[in-house]
J.: 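I'd like to ask you about the structure that follows.
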Amino acid sequence: MPRRHHPRWDILLAIAAGGALGSLARYGLAVVFPHPRGAFATSTLLANLAGCLLIGCLMVTITDLAQPHRLLRPFLGIGLLGGFTTFSTYVLDSADSVLAGRPGLALLYAAVSVLGSLGLVVTGMLGTRALLRLVTARRRRST
C-alpha cells in the first residue's frame, strides 16, 4: 500500500509568503521601469538577472553553511526569488517585440535574458564561495 503524503502546511505557507513578497517586488520594479508593449522590457530583465544572481548566492549559502532553518530555502528560494523572477514574462515580452516588428530586439532581449541569467547564477555561486572561503580563512588566522 502506498504511503500517504501529508501536506506540510508550514512549508506551503513559507512559499506563499515568499512568493507574495517576490511578486510585489517585481511589480514595484515594473512600476519604476515601465515599458510599452514591444519595447525592451527593462524591468523584466532586471528582475530575472538580479533574481538569478541571488539564487546562486542563496544556494551556496544554504548548502555550504551549517544547518539553516528548514523553512529558509522554501521561503527565499522557491517563494521570494521564484516570485521575483519571471521567465514566462520574458517569453511574452520577446513575442511582443516580434509582433511589433522588432525581431532583432526580441532576439537580443532573449539572448541577454538567458545567457545573462545563467551567467549570473554561476557568478553568484562562485562569488559566494570565494567570500565564504575568505571569511573562513580570516577566522582561522584570528584564532
J.: Under the side chain to side chain contact (heavy atoms under 4.5 Å, CB included) test against Asn48, which residue among Thr85, Thr89, Val114, Val112 passes?
T.: Thr85
J.: I want to check something: taking the side chain as every heavy atom from C-beta on, are Phe84 and Cys52 in contact at a cut-off of under 4.5 Å?
T.: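 With C-beta onward as the side chain, the pair stays apart.
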J.: Does any non-hydrogen side-chain atom of Ile55 lie less than 4.5 Å from one of Met59?
T.: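 Answer yes - side chains close enough.
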J.: So, taking the atom named OG1 in Thr61 and the one named CE in Met125, what distance separates them when rounded to the nearest 0.5 Å?
T.: 10.5 Å
J.: Hydrophobic clustering (ILVMFWY, side-chain heavy atoms < 4.5 Å, transitive) - are Leu13 and Leu81 grouped together?
T.: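 Result: no, two separate clusters.
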J.: Going by the side-chain hydrogen bond (donor to acceptor under 3.5 Å, both in side chains) test, which pairs reach into residues 111-135, not counting sequence neighbours?
T.: Asp64-Arg129
J.: According to the side-chain hydrogen bond (donor to acceptor under 3.5 Å, both in side chains) rule, which pairs have a member within residues 16-37, sequence neighbours left out?
T.: Arg37-Asp96
J.: How close do Gly38 and Leu105 get, counting heavy atoms only, and between which atoms?
T.: O-CD2, 3.6 Å
J.: To the nearest 0.5 Å, what is the distance between CG (Leu71) and CD1 (Ile15)?
T.: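 Output value for this atom pair is 9.0 Å.
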J.: Hydrophobic clusters here meaning ILVMFWY residues chained together by side-chain heavy-atom distances under 4.5 Å, can you tell me if Leu21 and Ile78 are in one?
T.: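 No, no single cluster joins them.
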J.: Is there a path of hydrophobic side-chain contacts, each under 4.5 Å between heavy atoms of I, L, V, M, F, W or Y residues, that connects Leu54 with Leu46?
T.: no
J.: With the side chain counted from C-beta on, respond yes when Phe40 and Leu45 share a heavy-atom pair under 4.5 Å apart, and no when they do not.
T.: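 Yes, close enough: below the 4.5 Å cut-off.
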J.: Would Leu108 and Leu49 show up in the same hydrophobic cluster when neighbours are defined by side-chain heavy atoms closer than 4.5 Å?
T.: yes
J.: Which value, rounded to the nearest 0.5 Å, describes the distance between Leu92 atom CG and Phe87 atom CZ?
T.: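 So the CG of Leu92 and the CZ of Phe87 are separated by 13.5 Å.
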J.: Can Tyr90 be reached from Leu53 by stepping across I, L, V, M, F, W or Y side chains whose heavy atoms are under 4.5 Å apart?
T.: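 Yes; Tyr90 is reachable from Leu53 via cluster members.
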J.: Check side chain to side chain donor-acceptor pair (under 3.5 Å) between Asp93 and all other residues, then give those that pass, not counting sequence neighbours.
T.: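 Only Thr44, Tyr109 meet the side chain to side chain donor-acceptor pair (under 3.5 Å) criterion with Asp93.
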J.: Hey, are the side chains of Leu65 and Leu132 touching, using non-hydrogen atoms and a 4.5 Å cut-off?
T.: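 Side-chain contact under 4.5 Å: yes.
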J.: Between Ser94 and Ala106, what is the shortest heavy-atom contact and its length?
T.: O-CB, 3.3 Å
